[in-house]
Number of protein chains: 2
Amino acid sequence: MGTISNALSLLNHYSETRAEIGLAEFKQLSGRDKATTYRYLTELVDFGLLEQDPVSRHYRLGPAVLRLANVRESVFPLRNAIQAIIDRLSEATSETAHASLMQGLTLSTLAKRESPKHAARVSFSQSQIIPLHATASGLAILATSDDKLLEQVIKGTPERYTVFTHADEAALRDAVAKAAQSGFGISDQGYEEEVYGIAVPFFDEHACAIGTVAVACPTSRVSPELTELVKRELIVAGRASTKTRGGTIPAKLEEAWSRSGF
Amino acid sequence: MGTISNALSLLNHYSETRAEIGLAEFKQLSGRDKATTYRYLTELVDFGLLEQDPVSRHYRLGPAVLRLANVRESVFPLRNAIQAIIDRLSEATSETAHASLMQGLTLSTLAKRESPKHAARVSFSQSQIIPLHATASGLAILATSDDKLLEQVIKGTPERYTVFTHADEAALRDAVAKAAQSGFGISDQGYEEEVYGIAVPFFDEHACAIGTVAVACPTSRVSPELTELVKRELIVAGRASTKTRGGTIPAKLEEAWSRSGF
DNA sequence: TTCTATCGGTTTATTATTTGAAATAGTGTT
DNA sequence: AACACTATTTCAAATAATAAACCGATAGAA
């Protein structure tokens with residue numbers, strides 16, 4: 001750990017519940033010399049990563065973090081980052097992977113990749129609008145969102161796509177409960193015949209599910225080994241997507257995953 | 001300038017038009033040794049301010065900037081609210097509007113919007129660091145801040161950007177005095193040719209100017225009607241921004257505005 | 001008031017770390 | 001094979017960190 005890392009690590013002491021930190025407190029937190037801490041702070045202020053309250057003389061996160069975040073988003077929006085995650089997910093599982101973003105009461109595809117490993121694979125339209133009640137991604141969202149969302153979906157009289165679709169209220173509630181319990185949204189031919197999907201959501205800074213990453217494969221290829229691998233990779237992808245967004249994963253979901261043995 | 005400032009200044013090379021930068025390019029840009037540059041970069045990557053593309057090995061702004069921005073916004077919400085104000089301002093004036101925050105002796109862009117009404121419009125880089133002496137926003141700040149700020153700017157030998165830049169002390173003092181008198185910072189091609197800007201500051205709870213809202217338009221489109229409209233809308237936007245921040249507008253500025261007939 | 005303690009900020013000499021330049025390896029391109 | 005680039009090493013020279021002391025302001029207690 002060099003000087004830069006030491007100085008930057010000061011920034012990690014800020015959180016939603018810690019907006020301002022004074023010099024003495026920083027000296028305490030970092031364990032370094034007061035003069036050094038002070039020099040770190042003034043350099044961070046000079047760059048704008050921190051700013052100093054003129055009256056309390058305490059330090060808080062500065063305008064530069066906003067400026068940099070603006071640049072990153074305008075140049076490297078969420079989509080590109082998620083695409084990379086999806087590519088990796090598809091590569092690791094040798095199956096079709098996709099990411100979607102919440103859009104009203106549906107999900108819209110954000111990125112996808114079909115693995116070239118298998119000729120028989122699930123194909124996805126980039127422009128597809130995905131219903132919440134009939135897909136793995138939808139169940140993952142419903143299981144980790146406010147209950148009001150589920151009630152809205154039920155009120156909208158979910159469409160039946162296949163004989164396996166959870167089109168009636170009881171079946172849907174049951175599927176959502178199962179997803180909440182396991183930490184994975186799973187759809188066995190609920191949207192299209194012969195397609196088995198597994199999904200996990202990713203989250204924004206309020207631990208609110210904003211989208212999903214998912215893997216879809218032909219039912220003929222489903223096996224305990226494959227689902228185990230897919231689930232493991234989905235957790236990685238879900239974490240990465242959440243991190244990219246600067247979000248946090250709710251503790252409930254982490255618990256569900258560890259209940260499921262991950 | 002210490003190590004930290006040197007390392008952080010690498011981040012300033014990113015902009016909307018520069019998403020990824022490689023090691024050799026950074027060495028060029030920073031003028032430092034290759035090994036040092038490399039050490040800087042790896043430390044910035046470790047913290048997450050940068051991330052490295054696994055294939056091109058180039059560096060781009062990392063997830064930490066989003067995380068930090070989220071923390072700052074959740075604890076000190078400003079950007080989202082100001083963005084809405086800027087959108088409205090741009091909509092109402094059919095011109096490019098932007099907001100900036102004080103950062104040391106410069107301003108850093110917080111939000112912007114270009115009106116789609118005109119094909120010929122002023123484009124703004126989100127990453128831009130704005131000098132105080134040459135821009136409408138800067139003059140608005142200088143006119144409503146402690147005189148010490150102006151003295152510091154003068155001591156810093158203001159750079160000349162165009163033939164219109166108030167680069168000498170007398171011209172700058174005059175421009176600031178005019179801004180204080182009228183209540184508006186105005187820059188006629190002081191920073192960029194063909195760009196006319198008008199700005200008003202917004203304030204914190206100590207009636208201290210912390211940022212600006214501004215409108216920029218091509219000089220060819222400037223007219224009494226437009227400047228009148230822009231000024232009216234700027235006052236609205238400045239009040240709204242100040243209110244969002246929980247600040248108060250100094251009586252002096254209110255008087256200047258009413259002197260100007262608003 | 002005066003004494004004391006705390007906090008932000010600054011200085012100093014000594015000690016420890018970082019830097020720069022050059023040399024070297026690996027990698028992918030032309 | 002030559003080239004351009006990232007990555008890593010070496011070590012004398014340059015720079016930063018440390019600890020301790022000190023300043024000035026502020027706040028509370030005697």
Side-chain angles (χ1 to χ4, degrees), chain A residues 1-14 18-62 76 84 87-88 91, chain B residues 1-14 17-62 76 102-105 146 148-149 151-152 155 204-206 208 210:
Chain A
M1 269 239 302
T3 308
I4 298 156
S5 302
N6 284 326
L8 290 177
S9 71
L10 294 178
L11 301 177
N12 283 333
H13 293 112
Y14 290 96
R18 197 123 185 220
E20 295 202 334
I21 306 181
L23 173 60
E25 211 170 343
F26 261 131
K27 169 180 142 47
Q28 204 70 9
L29 289 168
S30 68
R32 296 194 99 71
D33 187 80
K34 184 171 61 156
T36 304
T37 305
Y38 178 67
R39 287 192 13 244
Y40 286 177
L41 289 173
T42 51
E43 290 205 64
L44 291 172
V45 168
D46 283 349
F47 185 76
L49 283 182
L50 293 180
E51 66 184 2
Q52 190 171 30
D53 189 293
V55 303
S56 74
R57 319 288 294 164
H58 285 198
Y59 301 84
R60 57 171 173 250
L61 290 173
F76 193 69
D87 288 348
R88 189 195 174 285
E91 186 63 33
Chain B
M1 270 240 301
T3 308
I4 298 154
S5 301
N6 284 325
L8 290 176
S9 71
L10 293 178
L11 301 178
N12 281 335
H13 293 113
Y14 290 97
T17 55
R18 199 124 185 218
E20 296 202 331
I21 306 182
L23 173 60
E25 212 170 344
F26 261 132
K27 169 181 143 43
Q28 203 70 9
L29 289 168
S30 68
R32 298 194 97 70
D33 185 79
K34 186 175 55 162
T36 305
T37 305
Y38 177 68
R39 281 192 287 261
Y40 286 175
L41 289 173
T42 50
E43 289 206 63
L44 291 172
V45 168
D46 283 349
F47 186 76
L49 282 182
L50 293 180
E51 65 185 2
Q52 190 171 30
D53 188 295
V55 302
S56 73
R57 317 241 72 191
H58 285 198
Y59 302 83
R60 58 173 171 250
L61 290 173
F76 203 69
M102 273 302 285
Q103 182 190 310
L105 288 182
D146 195 290
K148 277 187 297 187
L149 185 62
E151 301 311 322
Q152 279 184 279
K155 230 182 290 173
D204 69 7
E205 58 274 15
H206 309 109
C208 177
I210 54 172

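Please read all numbers here as calculations on a predicted model, not as lab measurements. Reminder, nothing fancy here: chain letters follow the sequence lines and each chain counts from 1. Just so you know, these numbers use all the heavy atoms, side chains as well, and skip hydrogens, waters and symmetry mates.
Toward the 5′ end of DNA chain C lies the nearest nucleotide of A:S56, the other residue of the pair A:S56 and B:E43 mapping further downstream. Each of B:T3 and B:T42 has a nearest nucleotide on DNA chain D; the 5'-most of these lies closest to B:T42.
Between the P atom of D:dC5 and the NZ atom of B:K27 lies a distance of 11 Å, rounded to the nearest Å. One atom, CD1 of A:I4, and another, P of C:dT18, lie 9 Å apart when rounded to the nearest Å. Between B:F26 atom CZ and D:dC5 atom P there is a gap of 15 Å when expressed in whole angstrom units. Atom P of nucleotide C:dT27 and atom CZ of B:R57 are separated by 11 Å, given to the nearest angstrom. For the pair A:E25 CD and C:dG9 C1', the interatomic distance rounds to 17 Å; values are reported in whole Å. Per the geometry, CG belonging to B:D33 stands 8 Å off C1' belonging to C:dT19, to the nearest Å. In this structure, B:L41 places its CG atom 10 Å from P of D:dT6, rounding to the nearest Å. A:I21 has its CD1 atom 12 Å from the P atom of C:dG8, to the nearest Å.
Put simply, the residue from A:V45, A:L11, A:I21 that forms a side-chain contact (heavy atoms from CB on, under 4.5 Å) with A:Y59 is A:V45.
OP1 or OP2 of C:dG8 has at least one side-chain nitrogen or oxygen of A:H58 nearer than 4.0 Å. Distances shown here put a side-chain N or O of A:T36 below 4.0 Å from the OP1 or OP2 atom of D:dT18.
Looking at heavy-atom distances under 4.0 Å, B:Y40 makes contact with sugar-phosphate atoms alone, never a base. The residue A:Q52 sits close only to the backbone: its heavy atoms come under 4.0 Å of sugar-phosphate atoms, none of a base. Across all strands shown, B:R39 has heavy atoms under 4.0 Å from base atoms, whether or not it also approaches the sugar-phosphate. Within 4.0 Å of A:Y59, counting heavy atoms only, lie sugar-phosphate atoms of the nucleic acid but no base atom.
Of the candidates C:dG20, C:dT10, D:dT6, C:dT10 carries the atom nearest the A:Y38 side chain, counting heavy atoms from C-beta on. Nearest to the side-chain atoms of B:A35 among the listed nucleotides C:dA23, D:dT9, D:dA16 stands D:dT9. In the set D:dA16, C:dT24, D:dC22, the nucleotide with an atom closest to the side chain of A:K34 is D:dC22. Proximity note for B:L23 (side chain, C-beta onward) versus D:dA7, C:dG9, C:dC7: the nearest is D:dA7. The side chain of A:A24 has C:dC7 as its nearest neighbour among D:dA16, C:dC7, D:dA7.
Closest of all the heavy-atom pairs between A:D53 and A:E20 is OD2-OE2, 3.5 Å.
To the nearest 0.5 Å, atoms CZ (B:F26) and OG1 (B:T37) are separated by 9.0 Å.
Enclosure of atom CD in B:E205 by more than 12 non-hydrogen atoms of other residues, nucleotides or ligands within 6.0 angstrom is indicated.
When atom types are taken as modelled, the side chain of B:E51 and the backbone of B:R60 share no donor-acceptor pair closer than 3.5 angstrom.
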Worksheet item: Going through the checks in order, is the side-chain contact (heavy atoms from CB on, under 4.5 Å) test met by B:L29 and B:R18?
Response: CA-CA 13 Å; B:L29 289 168; B:R18 199 124 185 218; 3.9 Å; yes
